[in-house]
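First the proteins, then the strands, lettered A, B, ... as listed; each starts at 1. Here the structure is a predicted model, which is why all the values come from computation and not from measurement.
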Number of protein chains: 2
Amino acid sequence: MLKHSRQRDSIKDFLMGRTDHPTAETVYSHIRETIPNISLATVYRNLTLLADLGEIRKLHTGEGPDHFDGNVAPHDHFVCRSCGQVLDLLQEGSTPVRSMDGSPFDGKVESKQTFFYGLCPDCVEQRPEAEDIGNSISRR
Amino acid sequence: MLKHSRQRDSIKDFLMGRTDHPTAETVYSHIRETIPNISLATVYRNLTLLADLGEIRKLHTGEGPDHFDGNVAPHDHFVCRSCGQVLDLLQEGSTPVRSMDGSPFDGKVESKQTFFYGLCPDCVEQRPEAEDIGNSISRR
DNA sequence: TTAATAATAGGAATTATTATCGTTTTTATT
DNA sequence: AATAAAAACGATAATAATTCCTATTATTAA
C-alpha cells in the first residue's frame, strides 16, 4: 500500500514545475532547500517509484546520469554533446513496429524512447564548424 | 595517429560476425579465448574508439550495461525487460526533426537512437498475461 | 634499428545507483 | 486519541559499469 510522503510530493512538484530535465542530483540539491535533511537515496527511490507509476519519465540519455521528465505525454528528446542539456522534440510519426524482415513485430511493446544527439541551437551557433567530438561533457 | 592493434582488430571482427548485441563483458570473455591476457579496459577503450570512428554503434539501452552493434546501417532496437535480449527492428519512417512548437529544430543532429521496451516474442509466449514489471533483469 | 609514441595489461579509482538497516511517519484500527 | 502495522526515511555500505593511471610492450616513422 502506497503511503503519502512530503518528500515524494516535493519531488513530484519540483519536476512538474520545469521543462528542463533534471538529474537526480539536481533534484536533490533543489529539494534540500525546502527539506534540508532529505537523503539522496530518497530522491532516487521516489524518482524510480514515480517513473514506475507512470507519473514521470526516466530518460536514459547514455550521456552521464539519467534525467527525469515531468511531462509524460509522448515526445522525443535531443541531447547536446557540448553543453549536455536535454531538449524536448515533437515525436516523429509513429509507424507500426516491424522486425528486420518487414513483418509485424510480435512481442509486447510497452514503451519507447527516442534520443537525437548532436549540438543544440546555442552550441551550434558558438562553434559552427565543430568537428571534434566530446570535449566539454563527460562521455561514457 | 592511430596505430594498428591485434586487440582492436579482434574486437571489430568479433562484432561484425554476429547479429546479437553483446555487452563489453561478453566481448571480453569471447576475445579472451584468442587473446587470453587482454584487459577489460582494452575492450572498453576500443569499443568506445570504434564507436567514435563510426565503425560500430554503442547502444545505451538503459537496462544494465551498454550493448554494441557491428551493424551501422540505420535501424531501431527492442529491449526485452524479461530476458534482456536486444533485437533489431526496422527503423520507423524518419520525419524532419522538429521542436515542440512545430518549427524545424535548428541544432546539428548527428545521430539518433530509438529503443522500444517490453516483452520479446519468446517471453510474451511464456507469460502471456504478464502484468508485473521488471522481475528478471536488473532495472536501473 | 632506433626513436617516437600509441596501445596495452592490470589494477585502482570514479560515477551512478541500489541495498541495507535501524528509526521515523503515516495510516488504519481500536 | 492511543496503538499497531507497514511504508518511508536518512545514512551509509555495497555494487555495477566504466574510466583512469602507470609502467611496459608493440607499432610505425625516420
Side-chain angles (χ1 to χ4, degrees), chain A residues 1-13 21-29 31-53 55-68 79 84 86 133-140, chain B residues 1-12 21-29 31-53 55-68 79 81 84 86 133-140:
Chain A
M1 189 245 191
L2 187 70
K3 285 185 185 171
H4 198 243
S5 100
R6 185 159 90 92
Q7 289 85 346
R8 182 158 56 244
D9 286 352
S10 180
I11 289 164
K12 175 94 189 280
D13 288 351
H21 308 79
T23 62
E25 200 67 53
T26 303
V27 174
Y28 176 58
S29 67
I31 302 289
R32 258 153 74 105
E33 291 169 14
T34 323
I35 309 177
N37 67 331
I38 195 173
S39 159
L40 179 58
T42 298
V43 173
Y44 271 106
R45 203 184 305 119
N46 282 297
L47 286 171
T48 298
L49 176 56
L50 289 168
D52 286 350
L53 295 173
E55 297 185 27
I56 66 172
R57 288 224 273 166
K58 187 183 284 198
L59 309 178
H60 314 294
T61 67
E63 302 285 326
D66 286 348
H67 292 246
F68 295 87
V79 181
V86 178
I133 276 187
N135 41 10
S136 313
I137 62 171
S138 69
R139 278 176 299 152
R140 25 179 22 243
Chain B
M1 189 244 189
L2 187 68
K3 285 185 185 173
H4 198 244
S5 98
R6 185 158 89 92
Q7 288 84 345
R8 182 157 56 245
D9 285 353
S10 180
I11 290 165
K12 175 94 190 283
H21 307 81
T23 62
E25 200 67 52
T26 304
V27 173
Y28 176 58
S29 67
I31 302 288
R32 259 152 72 103
E33 291 169 13
T34 324
I35 309 178
N37 67 331
I38 194 172
S39 158
L40 179 56
T42 297
V43 173
Y44 272 104
R45 198 184 319 111
N46 282 298
L47 286 171
T48 299
L49 175 57
L50 289 168
D52 286 350
L53 295 173
E55 297 185 28
I56 66 172
R57 288 223 274 166
K58 187 185 284 200
L59 309 177
H60 314 294
T61 67
E63 303 283 327
D66 286 348
H67 292 246
F68 296 87
V79 181
R81 71 166 155 85
V86 178
I133 276 188
N135 43 9
S136 313
I137 62 172
S138 70
R139 277 178 299 152
R140 25 177 23 239

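Contact between A/V43 and A/A24 at its shortest, heavy atoms only, is CG1-O, 3.7 Å. Across every non-hydrogen atom of B/Y28 and B/I38, the tightest pair is CE1-O, 3.4 Å. The two residues B/R6 and B/I35 have their closest heavy-atom pair at NH1-CG1, 3.6 Å.
Nearer the 5' end of DNA chain D, as judged by each residue's closest nucleotide, is the contact made by B/R45, out of B/S5 and B/R45. Heavy-atom nearest nucleotides on DNA chain C were determined for B/A41 and for B/H4, and the one closer to the 5' end corresponds to B/H4. Toward the 5′ end of DNA chain C lies the nearest nucleotide of B/L2, the other residue of the pair B/L2 and B/N37 mapping further downstream.
Straight-line distance from the OH atom of B/Y28 to the P atom of D/dA17: 15 Å, rounded to whole Å.
In this structure, B/E25 reaches neither bases nor backbone, as no heavy-atom distance under 4.0 Å exists between it and the strands shown. No contact: B/A24 has no heavy atom under 4.0 Å from any strand. No contact: B/R6 has no heavy atom under 4.0 Å from any strand.
Note on B/T42: a side-chain N or O is less than 4.0 Å away from OP1 or OP2 of C/dA9. At least one side-chain nitrogen or oxygen of A/Q7 sits closer than 4.0 Å to the OP1 or OP2 atom of D/dG10. Contact check, B/Y44 against D/dT19: no side-chain N or O comes under 4.0 Å of OP1 or OP2.
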### Query
Would A/L53 and A/K12 satisfy side-chain contact (heavy atoms from CB on, under 4.5 Å), going step by step from the backbone distance to the final call?
CA-CA 12 Å; A/L53 295 173; A/K12 175 94 189 280; over 6 Å; no

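The nucleotide whose nearest atom lies closest to any side-chain atom of B/P65 is, among D/dA17, C/dT18, C/dA9, D/dA17.
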Contact list (N/O, under 3.5 angstrom) for nucleotides 2-6 of chain D vs protein:
from, atom 1, to, atom 2, distance (Å)
D/dA6, N3, A/K3, NZ, 2.8

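In this structure, CD1 on A/I56 lies 8.5 Å from CD1 on A/I11, to the nearest 0.5 angstrom. Between A/K58 atom NZ and A/L47 atom CG the span is 7.5 Å, to the nearest 0.5 Å.
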